[in-house]
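Step one of this worksheet: look at the structure below.
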Amino acid sequence: MKKSMWIKGAMSAAVLGVAAQAQAACGSVSVASMNWQSAEVLAQIDKLILSEGYGCDVEVVPGDTMPTMTSMTEKGQPDIAPEMWINSVREPIDKAVKEGRLVYAAESLSDGGVEGWWIPQYIADAHPEIKTIDDALKQPKLFPAPEDDKKGAVHNCPSGWNCQLSTANAFKAWGAEGKGFTLVDTGSAAGLDGSIAKAYERKQGWLGYYWAPTSILGKYKMMKLDAGVPHDSKAWESCNGKADCANPQKNDWARAKVFTIVTSSFKKRGGEAYTYLTKRAWGNATVNEVLAWMSDNQATGEDGAVHFLKNYPQVWGAWVSADVAAKIKKAL
């Protein structure tokens, strides 16, 4: 009996020793919180899961695309950039990966960042014949301009944003003016959001530029129109995305690749915590819903993370083992 108790005690000690080693291996971890909503909440989700599930000592630090990438490459800090939109920085990141400084973990937005022209879902449901931009432009009466309901409206991106140029060029490329449309200057992000909200309140047609993931698309269900053509990066860079594009052609918006980037040093010491980051990915539909909840409740990224972990276990449960999931649920 005493021998049996000794064996059990030794086994318990061994298990505790392994757990302690795993926690020690994770150690201190710095996570970059970028200055946009989806990245902010993802950083806080990582903080909760890494600290409560894997025993890491997590510090969330301010971040932005270029400064964070440069610091990770040159200084090895922060350890983790949860939501790096890599289209504009692919070359230096690939170089750092090749040199063994950085590592690609999960594609954090599983369906990527999405841009294009959208219509309300209720318009799409009522008019199933509208699938593409060309389809929508055949029916200007469905999308009345705010100042002249005899014309259709295409709502532009906020003033000063690069997408204002690409939307104006797309308006030209699709010949929207000749089809009875006018390009509406929304002025600001608030003005663009307000135009969607107003259309929804009145159940009116709306057509224009938007992107995902965002809280607006979580609150107001919209359908992205098919451009009907592929994305041509050379044509985009030389003309479609520029102010002086004399003869823009139809061109789809690029799907933005969004990855979690990790330093090689964290990969080496992170163990199961690093494995979690190779699985942690969510789709725009989920992100939109969480961001909409945050906006409606004036919630912080930390609030949003707790809300997500409490209400979406079917999503994050696939990222971790059952015992880690139990720890996280107990901590909420």
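Quick caveat, the model's predicted, so the values are computed rather than measured.
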_Derivation and outcome, ring pair (Phe, Tyr, Trp, His ring centres under 6.0 Å), residues Trp161 and Tyr210_ = CA-CA 12 Å; Trp161 292 20; Tyr210 216 81; 9.0 Å; no
*Does Phe143 share a hydrophobic cluster with Tyr200, counting links as ILVMFWY side-chain heavy atoms below 4.5 Å and allowing steps through other members?*
yes
*In Å, rounded to the nearest 0.5 Å, how long is the span from NZ of Lys172 to CG of Asn240?*
11.0 Å
*For the pair Asp134 and Lys179, find out whether any cationic side-chain nitrogen is under 4.0 Å from an anionic carboxylate oxygen.*
yes
*All pairs passing salt bridge (charged side-chain N to carboxylate O under 4.0 Å, His left out) where residues 65-91 contributes a residue, at least two apart*: Asp79-Arg269, Arg90-Asp94
*asked:* side chain to side chain contact (heavy atoms under 4.5 Å, CB included), that's the test. Do Ser166 and Trp236 meet it? Break it down for me.
replied: CA-CA 9 Å; Ser166 60; Trp236 191 278; 3.5 Å; yes
_Does either side chain, that of Gln77 or that of Ser30, offer a donor lying less than 3.5 Å from an acceptor on the other one?_
yes
_Please say yes or no: joined through hydrophobic side-chain contacts below 4.5 Å, possibly via intermediate residues, are Ile45 and Val61 part of one cluster?_
no
*Is the backbone of Asn284 close enough, under 3.5 Å, to the side chain of Asp111 for a donor and an acceptor to pair up by distance?*
yes
*asked:* Walk me through whether Trp174 and Phe181 qualify under ring pair (Phe, Tyr, Trp, His ring centres under 6.0 Å).
replied: CA-CA 11 Å; Trp174 264 273; Phe181 282 80; over 10 Å; no
*Where does the angle between the aromatic ring planes of His307 and Trp293 fall among parallel (under 30°), tilted (30 to 60°) and perpendicular (over 60°)?*
parallel
*asked:* Before you tell me yes or no, could you show the steps for Ser159 and Asp185 under side chain to side chain donor-acceptor pair (under 3.5 Å), namely the whole-Å CA-CA distance, both residues' side-chain angles and the distance that decides it to 0.1 Å?
replied: CA-CA 7 Å; Ser159 298; Asp185 181 8; 3.3 Å; yes
*Under the side chain to side chain donor-acceptor pair (under 3.5 Å) rule, collect the residues that match up with Thr132, sequence neighbours excluded.*
Asp135
_With clusters defined by side-chain heavy atoms of hydrophobic residues (ILVMFWY) lying less than 4.5 Å apart, directly or transitively, does Leu309 cluster with Trp319?_
yes
*asked:* Let's go through Tyr54 and Glu272 carefully: what are the C-alpha distance in whole Å and the side-chain angles of both, what is the deciding distance for side chain to side chain donor-acceptor pair (under 3.5 Å) to 0.1 Å, and is it a yes or a no?
replied: CA-CA 8 Å; Tyr54 298 99; Glu272 292 183 1; 5.6 Å; no
*Less than 6.0 Å separating the ring centroids of His155 and Trp206?*
yes
*Quick one: does NZ or CZ of Lys221 land under 6.0 Å from the six-membered ring centre of Tyr122, within 45 degrees of the ring axis?*
no
*asked:* For residues Val41 and Val315: do they belong to one hydrophobic cluster (side chain heavy atoms under 4.5 Å, members Ile, Leu, Val, Met, Phe, Trp, Tyr)?
replied: yes
*If Ile, Leu, Val, Met, Phe, Trp and Tyr residues are connected whenever their side-chain heavy atoms lie under 4.5 Å apart, and connections chain through other members, are Ile86 and Leu277 in the same group?*
yes
_Check Lys279 with Glu107, please: is the shortest side-chain N to carboxylate O separation under 4.0 Å?_
no
_Test side chain to side chain donor-acceptor pair (under 3.5 Å) on Ser108 and Arg280; report intermediate values, then the result._
CA-CA 6 Å; Ser108 45; Arg280 195 263 293 108; 4.8 Å; no
*Evaluate the side-chain proximity of Val287 to Thr214: yes if any heavy-atom separation is below 4.5 Å, no if none is.*
no
